[in-house]
Amino acid sequence: GHLGSGGGRVYPRFTDNEDSTVRDNRTGLIWLKYGSCFTGKNWTEALTAANSLANGGCEGRLSDGSSVGDWRLPNANELASLIDYGQSAPALPSDHPFSNVQYSTYWTSTTYVGNTSYAWTVNVNSGQGGRYTKGTDNYVWPVRDE
């Protein structure tokens with residue numbers, strides 16, 4: 001980002017909404033601030049967990065007024081949009097406001113076309129995309145639209 005006259009960035013990449021959500025100002029997507037509300041879910045469980053998230057969720061942290069059905073599992077492009085390939089451990093922009101991000105693999109909602117028993121994943125430690133069988137346990141990082 002460019003520096004303004006005051007030395008601060010004019011357009012920060014992320015806005016912490018102070019309700020356990022973070023807005024990505026580049027994509028307009030709203031992400032759960034906490035990267036480890038849901039651990040050890042297979043793909044079907046991950047879809048359900050994300051779709052079931054609502055205000056009061058994530059151990060009472062979420063206070064955004066959202067309803068069941070507002071949140072979803074991000075698709076491969078959405079989750080990849082968070083990755084900064086110049087960073088690692090985690091491969092997120094250096095000014096990111098997320099917390100409890102696991103240096104591990106997160107599910108996307110995108111099924112692998114070559115074998116539909118697999119779905120795409122993103123390893124937030126390295127930034128690498130991959131695919132796992134849908135029975136594997138991975139992390140869940142829900143997203144919603146504004």
Please tell me if the side chains of [X] and [Y] come closer than 4.5 Å, counting only heavy atoms from C-beta onward.
X      : Y      : result
Pro93  : Gln87  : no
Leu82  : Phe98  : yes
Arg144 : Leu53  : no
Val143 : Glu78  : yes
Trp107 : Leu73  : yes
Tyr132 : Thr105 : yes
Ser109 : Arg72  : no
Tyr112 : Trp120 : yes

When you measure from the side chain of [X] to the backbone of [Y], do you find a donor-acceptor pair of N or O atoms at a distance under 3.5 Å?
X      : Y      : result
Asp84  : Leu92  : no
Glu59  : Gly57  : no
Thr121 : Gly130 : yes
Asn51  : Leu47  : yes
Thr108 : Thr110 : yes
Thr15  : Asn17  : no
Ser126 : Gln128 : yes

Exercise for the section: Using distance alone, with no hydrogens and no angle criterion, decide if Ser117 and Asn115 have a side-chain donor and acceptor under 3.5 Å apart. Expected result: yes
Practice task
Please check if any side-chain donor atom of Ser20 sits under 3.5 Å from a side-chain acceptor atom of Asp64, or the reverse.
Solution key: no
Handout entry: Check against side-chain hydrogen bond (donor to acceptor under 3.5 Å, both in side chains), Asp19 and Thr21
Key = CA-CA 5 Å; Asp19 58 4; Thr21 71; 2.5 Å; yes
Problem - Pair Asn55-Ser63, side-chain contact (heavy atoms from CB on, under 4.5 Å): steps then yes or no - result: CA-CA 5 Å; Asn55 190 68; Ser63 58; 4.3 Å; yes
Exercise for the section: Please report the C-alpha distance between Val22 and Ile30 in whole Å, then the side-chain angles of each, then the deciding distance to 0.1 Å, and finally whether the side-chain contact (heavy atoms from CB on, under 4.5 Å) criterion is met. Expected result: CA-CA 6 Å; Val22 170; Ile30 306 292; over 6 Å; no
Practice task
Before giving the answer on side-chain contact (heavy atoms from CB on, under 4.5 Å), spell out for Tyr103 and Val124 the whole-Å C-alpha distance, their side-chain angles and the decisive distance to 0.1 Å.
Solution key: CA-CA 6 Å; Tyr103 298 173; Val124 175; 5.7 Å; no
Exercise for the section: Provide the full list of side-chain hydrogen bond (donor to acceptor under 3.5 Å, both in side chains) pairs with a residue in residues 38-48, sequence neighbours left out, each pair given once. Expected result: none
Give me the atom names and distance for the closest heavy-atom approach of [X] to [Y].
X     : Y      : value
Gly35 : Tyr139 : O-CD2, 4.5 Å
Ile83 : Gly127 : CG2-CA, 3.7 Å
Val68 : Ser52  : CG2-O, 3.6 Å
Pro74 : Pro142 : CD-CA, 4.5 Å

Fill in the blank from the handout: Across all chains, not counting sequence neighbours, the side chain to side chain donor-acceptor pair (under 3.5 Å) partners of Asp16 are Lys33
Practice task
Decide side-chain contact (heavy atoms from CB on, under 4.5 Å) for Val140 and Tyr106; before the verdict, give the C-alpha distance in whole Å, the side-chain angles of both, and the deciding distance to 0.1 Å.
Solution key: CA-CA 6 Å; Val140 181; Tyr106 284 81; 5.6 Å; no
Problem - Lys/Arg cation over aromatic Tyr118: Arg131, 6.0 Å, 45° cone - result: no
Exercise for the section: Compute both the distance and the angle, then confirm whether Arg61 meets the cation-pi test with Tyr34: under 6.0 Å from the six-membered ring centre, within 45 degrees of the axis. Expected result: yes
Practice task
Answer yes or no: is there an ion pair linking Arg13 with Asp95, defined by an N-O contact shorter than 4.0 Å?
Solution key: no
Fill in the blank from the handout: Between the OG atom in Ser104 and the CG atom in Asn125, the distance rounded to the nearest 0.5 Å is 8.0 Å
Problem - Reported CG-to-CH2 distance for the pair Asp145 and Trp71, which is rounded to 0.5 angstrom - result: 10.0 Å
Exercise for the section: For side-chain hydrogen bond (donor to acceptor under 3.5 Å, both in side chains), just list the numbers for Lys134 and Thr111, CA-CA rounded to whole Å, side-chain angles, deciding distance to a tenth of an Å, and then say yes or no. Expected result: CA-CA 9 Å; Lys134 292 177 176 178; Thr111 292; 2.9 Å; yes
Problem - Partner set under ring-ring contact (aromatic ring centres under 6.0 Å, His included) for Trp31, not counting sequence neighbours - result: Trp141
Problem - Shared hydrophobic cluster, Tyr85 / Phe14 (ILVMFWY, side-chain heavy atoms < 4.5 Å) - result: yes
